[in-house]
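Contents: one structure, followed by commentary.
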Amino acid sequence: MELREELQHTLGSTYTLERELQRGGMARVFVATDTRLRRRVVVKVLAPELAADVNSERFQREIQLAASLQHANIVPVLSAGDMDGVPYYAMPYVEGESLRAALNKGGLSITETVSILRDVARALGYAHARGIVHRDIKPDNVLLSHGAAVVTDFGVAKALSVARATGGESTLTQAGMAIGTPAYMAPEQAVGDPNIDQRADIYAFGCMAYELLSGTHPFAHVRSAHGLIRAHIVDEPLPLQSVRGSVPSPLADLVMCCLAKDPSERPATARDILNILDSVGGEVTRAGPAPAAVALPPSPQDRSVGVIPFVNLSAGSETDYFSDGITEDIINTLAHVPGLRVASRTSSFIFKGKTANVAEIGAALQVATVLEGSVRRQGNRLRITARLVNAANGFPMWSERFDRDLEDVFAIQDEVSRAIADQLALQLAGKVRGSRAHTVNAEAYDLYLRGRYFWSRRGAHLRTAIDYFTRASSLDPHFAAPLAGLADCHVLLASYGFASATETAEPARTAAYRALSLDDASAESHYAVGLYEAYFSWRLELAERHLLAATRINPSSAFPLAHLSHLLVSLGRTDEAYGCAEHACAIDPVSPLINGIAALGFICGHFAERARRVAERAVELDESFALGQFCLGLSRQVDGRLTDAEVAFERAAANSARSPLILSQLGALYARSGRRSEALQIVEELGTRNCDAHFGAFVLWDLGEENRALDALELAASSRAANLYAVATLFGRSLLVDVRWHDLLRRHGLTSVAEGHAQLARRLPG
């Protein structure tokens, strides 16, 4: 018997089912007629996956509390029952639409929004005073009918949690996930705190209010449930007025207060919220309509832009670095505009030299507008053309041509950035803020652009990049950007094994901290310091602070988050590490480099399935990308596909000038496959390279020569080998549980890592 027929049989003559209204993650919803009172009702039947471990009697007892709520802004529960062990409940049918449906149609005015928020606050205040917390406040559970807002499904989340057969509040997070509420879940609810109170509803109210007033969720850039939960716990949303400046300050302050991570810092009661909403008064009537809600694909009103590489029209491809540099600089400048989401450099540059229409570009980068252009350089003269296009319909929104002397290139970047910001209707306070005025030395800037060009190509090109960054810094010692680039290059050289920590650590430290002293408002400077501290100094708390600072300054850069995931894994904070890697992938969905770094984070954290998918994505984006092939090999190795892993490692080695990092895993694979002579050849080759000793230790460990491997690890730790504690997670459980390894870590000041590795080992089989 189908569910509808079974439900009708259970309801008997009391209700007559008319049609199915919707089918969601929580319930199947039917419209029915109450035959006795001749009124329409809604009957909700719990989804089988939810009902499977719910005690139906306990659920009905709990739902009776919700049935006691009688308020004009609350949809009451009329009855509840059981259909062969599957709970159901009935509520009045409300003529109108959900707040979610209204948002999807377009923006609401601030006056309309405040009216809705007042109604919801009244409902919450009434229920909270009677000890009932909703736990699932979101636009989908607010209905608009005849000019009023009413809240539905009061008490259902609590009833589900309490009625779980496994028992109690410990399943709250699981229940919330099943209902589909990570986007509106308070931090304390997300971590499963059994003592949540009405302030969890106030946080969700704040998320909903932010979305209504700005047209975008506070963490709209996050696409996964894991990432959203992490964002609620640790991330700070942009100030509401930076997204929509016309929101009155008292109202904006109220919303941001509701979003406080600490429940004690939120309004204590919904009555407090209502008092503030009432006090806003006539200020709201002077505000215009709200922007449309963000959806995928993005709407034209979405304040987002992808800057694809400007075409080089100069004679010869050797000047590509200049057009690429102009593009990157505009991306970096726009990234500092409040309320503007900018696709990152690595994602945007996927489209260099490729033919794609703006709709395809917009969909891939998840942006509403696309900036394209060209650069022609002839002698000391520049001609830059730029065009801003609506990604949805290809309609040009703005275009301009700039003819300048080379010395005016910085002024051109400012002009282009300001014009784009104006076209996107951003509320700008004065000049668009960059990290710092660049350099007045055109030659130094030219050399810096050449350096970034080779930095982005990685591998053997890093030393070429170092040469250009050094020359740029010599010409203008107060120019921070090339110093940050220098630090990045030295870290990369050591981490891939092209140089030792002894050679690279001090140059990285000097360059990173000099960049920070010159420009402490630069994301690049904080990122450089964070990498140095994480990879060489091993002051991990300081590294985390600088990487997070880089993310706050430039939210469109995925690099700090991707590298932070590696650090957090070694501290045992695997859920946060997963969230950082997910967030990085969401920021840079079409970047093979970011997907590769994130995949390595997933592998180190032993999230095998996610690592495999992200590694495959990196290789799909660029088959010649060494890090992607390397991570693909690691994930195939976990799956037991050793032949496929070997093929991927060999391709990665060939495409990386035989990076010692990659060779170490190829040699370890040979050892595990019983190919001892080939493994020893890798050990011998690594011994001839100017790299740190831990790369050979990987192979020795799997050859069964654990004492030699530990001696090599001790030597590597003594020289602060780049990221040693993080790459050590690739050894697997056998090293992570070894007391000799834990002793080594503690002797080198990494007690927190020893504890983290012990936690990580407990997640692994064996």
Side-chain angles (χ1 to χ4, degrees), residues 487 490-506 508-509 530-544 547 563-573 577 597 600-601 603-606 627 630 634 659-665 667-668 683 686-687 689-702 706-761:
H490 284 299
V491 168
L492 289 170
L493 280 174
S495 61
Y496 284 100
F498 294 118
S500 67
T502 303
E503 176 188 347
T504 55
E506 183 56 26
R509 185 195 67 79
L531 282 190
Y532 165 75
E533 294 293 349
Y535 278 63
F536 290 136
S537 177
W538 298 354
R539 293 189 291 183
L540 304 189
E541 290 185 5
L542 183 59
E544 181 177 356
L547 292 173
H563 283 286
L564 183 58
S565 70
H566 300 177
L567 186 157
L568 294 175
V569 162
S570 282
L571 294 174
R573 294 157 60 185
I597 298 172
L600 190 57
I603 289 165
C604 290
H606 295 272
L627 181 59
F630 175 61
L634 290 170
S659 157
L661 172 63
I662 294 169
L663 289 179
S664 71
Q665 298 306 306
V683 174
L686 291 172
R689 304 286 291 273
N690 181 27
C691 62
D692 289 302
H694 64 291
F695 295 113
F698 279 104
V699 191
L700 293 170
W701 187 270
D702 281 310
E706 293 183 1
N707 289 333
R708 285 183 65 193
L710 285 164
D711 287 343
L713 289 171
E714 182 69 58
L715 181 61
S718 298
S719 62
R720 286 289 200 270
N723 212 21
L724 169 64
Y725 59 87
V727 295
T729 59
L730 298 177
F731 278 82
R733 190 176 189 277
S734 59
L735 179 73
L736 297 178
V737 299
D738 196 296
V739 294
R740 296 168 295 177
W741 171 243
H742 289 185
D743 177 63
L744 184 155
L745 290 172
R746 290 189 174 93
R747 281 188 285 104
H748 289 279
L750 292 174
T751 300
S752 60
V753 172
E755 294 168 353
H757 282 188
Q759 291 180 39
L760 182 60

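Residues: numbered from 1 along the sequence shown. Bear in mind the structure is a predicted one, so any value in this text is a computation, not a measurement.
Remark: R708 pairs with E705 by the salt bridge (Lys or Arg N to Asp or Glu O under 4.0 Å) rule, at least two apart or across chains. In this view, H694 satisfies the side-chain hydrogen bond (donor to acceptor under 3.5 Å, both in side chains) rule with no residue, not counting sequence neighbours. W701 is linked by a side-chain hydrogen bond (donor to acceptor under 3.5 Å, both in side chains) to S734, counting only residues two or more places apart in sequence or in another chain. Remark: R573 pairs with E544, E576 by the salt bridge (Lys or Arg N to Asp or Glu O under 4.0 Å) rule, at least two apart or across chains. Residues satisfying the ring-ring contact (aromatic ring centres under 6.0 Å, His included) criterion with F498, sequence neighbours excluded, are absent altogether. Shown here are the side-chain hydrogen bond (donor to acceptor under 3.5 Å, both in side chains) partners of S565, two or more places apart in sequence or in another chain: there are none. By the ring-ring contact (aromatic ring centres under 6.0 Å, His included) test, F630 pairs with F649, sequence neighbours left out. Contacts of E533 classified as side-chain hydrogen bond (donor to acceptor under 3.5 Å, both in side chains), with partners at least two apart in sequence or in another chain: Y513, S537, R539.
Residue pairs that meet the salt bridge (Lys or Arg N to Asp or Glu O under 4.0 Å) test with at least one member in residues 490-503, sequence neighbours left out, are R463-E503. Counting only residues at least two apart or on different chains, no side-chain hydrogen bond (donor to acceptor under 3.5 Å, both in side chains) pair has a member in residues 490-500. Listed by first and then second residue, the salt bridge (Lys or Arg N to Asp or Glu O under 4.0 Å) pairs involving residues 742-754 are E714-R747, D743-R747 (not counting sequence neighbours). Among residues at least two apart or in separate chains, side-chain hydrogen bond (donor to acceptor under 3.5 Å, both in side chains) pairs with a member in residues 749-760 are S570-H757, W741-H757.
The backbone N or O of A494 sits nowhere less than 3.5 Å from a side-chain atom of D692 that would complete a donor-acceptor pair.
L540 places a side-chain heavy atom less than 4.5 Å from the side chain of V753. By the 4.5 Å heavy-atom criterion applied to side chains, L750 and W538 are counted as neighbours.
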Carefully, step by step, assess L736 and F731 under the rule side chain to side chain contact (heavy atoms under 4.5 Å, CB included). CA-CA 8 Å; L736 297 178; F731 278 82; over 6 Å; no

Give the intermediate values and the outcome of side chain to side chain contact (heavy atoms under 4.5 Å, CB included) for residues L492 and L531. CA-CA 10 Å; L492 289 170; L531 282 190; over 6 Å; no

Before giving the answer on side chain to side chain contact (heavy atoms under 4.5 Å, CB included), spell out for L724 and L713 the whole-Å C-alpha distance, their side-chain angles and the decisive distance to 0.1 Å. CA-CA 8 Å; L724 169 64; L713 289 171; 3.9 Å; yes

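When all heavy atoms of S719 and T502 are compared, the pair lying nearest together is CB-OG1, 4.1 Å.
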